[in-house]
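See structure below.
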There are 2 protein chains.
Amino acid sequence: MNDMPSDKTLPQDIIYARIWSAIAERKLRPGTRLKEEQLAELFSVSRARVRQALAALERDGLVTIFRNRGAFVAEPSIEEARDVFFARRMIEARLVERLSAAPSQQAIDRLRQHLNAEKAAHLAQDRKAIIHLSGEFHLLIAELAGSRYLWQVLRDLISRTSLITAVYQSHSDTSCGPDEHAQIVEAIARGDAARANHLMDHHLEHIETALDLTDENERSTDLKDILT
Amino acid sequence: MNDMPSDKTLPQDIIYARIWSAIAERKLRPGTRLKEEQLAELFSVSRARVRQALAALERDGLVTIFRNRGAFVAEPSIEEARDVFFARRMIEARLVERLSAAPSQQAIDRLRQHLNAEKAAHLAQDRKAIIHLSGEFHLLIAELAGSRYLWQVLRDLISRTSLITAVYQSHSDTSCGPDEHAQIVEAIARGDAARANHLMDHHLEHIETALDLTDENERSTDLKDILT
DNA sequence: CACAACAAAATTGTAGACAAAATTGGTGAC
DNA sequence: GTCACCAATTTTGTCTACAATTTTGTTGTG
């Protein structure tokens with residue numbers, strides 16, 4: 001797993017990033033088959049690189065690899081989606097709590113700086129930047145809370161959340177404005193741990209309830225289930 | 001990443017398990033270089049398999065791979081060790097809390113069954129089994145708490161804990177008897193979420209404080225630091 | 001005598017070729 | 001006409017050889 005500061009863009013990381021973006025932007029739909037040779041040709045690299053990228057995507061939950069059958073864009077079940085949000089609420093609520101307990105001025109500055117970037121993206125209606133920055137906000141909290149390990153876990157969870165959002169996004173535009181982020185930052189700045197905890201929990205609940213996690217929305221990949 | 005039921009022992013998984021055991025049993029000390037060809041010869045497999053096993057070990061935090069320089073048994077810093085325990089206390093305390101809220105009879109039976117196995121191992125003084133079962137107990141709680149994702153995170157954390165224990169184990173035999181586990185199970189069975197939470201938190205705290213996580217115990221791998 | 005630059009050895013990273021497995025299409029029997 | 005079985009194709013998994021990089025040892029110069 002990559003460390004926090006990962007600037008060197010290895011060739012397989014580029015492939016990873018490209019596929020990641022394609023999935024997050026719903027260009028690659030869940031269930032799509034990802035043939036190794038096809039990707040190798042597309043990116044002008046050998047299959048070995050593609051295999052590494054696919055393996056990395058698998059451990060981040062974005063693709064599923066079936067033995068001897070190939071890689072497919074993952075199709076998170078409703079159960080898995082709820083599980084991801086359960087984990088996020090548990091972890092992030094405690095992280096803001098910890099951060100609120102002793103917030104350094106530097107931390108608050110970085111958070112406020114980030115909020116400005118988010119506001120700018122919203123004004124520009126840059127959907128791609130909005131999604132990216134929204135994830136970054138949550139990662140920033142993990143970083144400032146001082147847990148390198150949970151930062152990595154959260155990075156993984158946010159990847160999965162992106163896929164879940166792509167699959168179960170309801171028609172109502174889940175704008176998820178920066179207001180809730182701003183409130184959380186305020187609570188942290190005041191050192192109000194209980195309120196920060198509460199706000200983060202509700203923030204994630206809002207994101208979850210904005211999705212169509214109803215049973216009828218579950219698209220079973222098993223044709224037997226569909227055609228009976 | 002492997003799913004919960006993973007019975008098929010792939011050849012590279014065997015290599016993974018062998019190295020894992022060797023590290024946990026302190027036969028392979030932190031900092032030891034793991035040359036690919038050497039391992040390939042040792043296990044009578046090709047280097048490709050070894051590379052896969054090493055990559056898996058790296059993402060579980062047991063080895064560190066430096067680009068173009070090879071793989072080494074990881075040397076968790078004190079900071080990383082404390083971070084792992086922070087994450088475990090956060091996650092596991094909440095998991096027992098959740099499990100205590102609605103413990104099924106089946107869940108309680110499995111926990112009690114596990115406690116018996118632990119007692120048997122302690123009576124037989126089977127150190128290897130004790131370590132293994134101790135980890136299994138914590139994983140069992142995650143499984144019964146119903147979070148597949150956090151089960152995977154915890155599996156990773158327990159791997160790292162094994163390495164940390166191997167490195168920072170104090171001379172006093174950290175027996176970590178099954179008594180504390182039994183108390184936790186009792187609290188769960190009674191549905192006493194608050195107490196289960198409290199007991200788990202203290203249990204992990206005991207394990208952590210039983211280690212030599214003092215600064216002077218930090219063995220710096222950087223020769224520059226050592227010889228000045 | 002010490003330091004720096006260079007060359008050689010060792011080790012990892014990558015690519016291409018081969019083997020194993022699974023799916024698909026076709027053929028034959030009932 | 002339908003089902004089962006077998007062969008052919010496609011796709012993945014694995015192995016071996018080559019290239020790139022790092023480390024180590026040597027030599028020459030200040």
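Reminder, nothing fancy here: chain letters follow the sequence lines and each chain counts from 1.
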For A:N68 and for A:V45, find the nucleotide of DNA chain C with the closest heavy atom, then tell me which residue's nucleotide is more 5'.
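Closest to the 5' end, via its nearest nucleotide, is A:V45.
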
Nucleotide [N], atom [atom2] - distance to [atom1] of [X] in whole Å:
X: A:Q52; N: C:dT12; atom1: CD; atom2: P; value: 15 Å
X: B:I65; N: D:dT21; atom1: CD1; atom2: C1'; value: 16 Å
X: B:K35; N: C:dG13; atom1: NZ; atom2: C1'; value: 17 Å
X: B:L39; N: C:dT12; atom1: CG; atom2: P; value: 9 Å
X: B:F43; N: D:dC15; atom1: CZ; atom2: P; value: 15 Å
X: A:R67; N: C:dA21; atom1: CZ; atom2: P; value: 9 Å
X: B:E36; N: C:dA10; atom1: CD; atom2: P; value: 17 Å
X: B:F66; N: D:dT23; atom1: CZ; atom2: C1'; value: 15 Å

Is any side-chain heavy atom of A:S21 less than 4.5 Å from a side-chain heavy atom of A:R18?
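Of all side-chain heavy-atom pairs linking A:R18 with A:S21, none is under 4.5 Å.
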
When you compare the side chain of A:H181 with that of A:L115, does any pair of heavy atoms fall below 4.5 Å?
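When only atoms from C-beta onward are counted, A:H181 and A:L115 do touch, with a gap below 4.5 Å.
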
So, taking the atom named CG in A:L57 and the one named CG in A:L34, what distance separates them when rounded to the nearest 0.5 Å?
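CG of A:L34 is found 8.0 Å from CG of A:L57.
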
Against the six-membered ring of B:F86, is A:R98 placed for a cation-pi contact (under 6.0 Å from the centre, within 45° of the normal)?
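Here A:R98 passes the 6.0 Å and 45° test against B:F86.
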
Could you please name the option among C:dA15, C:dT12, D:dG13 that lies closest to any side-chain atom of A:R51?
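When the side chain of A:R51 is considered, D:dG13 is the closest of C:dA15, C:dT12, D:dG13.
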
Classify the nucleic acid contact of A:R49 as base, sugar-phosphate or nothing, counting any heavy atom under 4.0 Å across all strands shown.
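Since only primed, P, OP1 and OP2 atoms lie under 4.0 Å of A:R49, the category is sugar-phosphate.
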
Is B:R69 side chain donor-acceptor paired with the C:dG13 base, going by distance under 3.5 Å alone?
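Flag unset: no donor-acceptor pair detected.
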
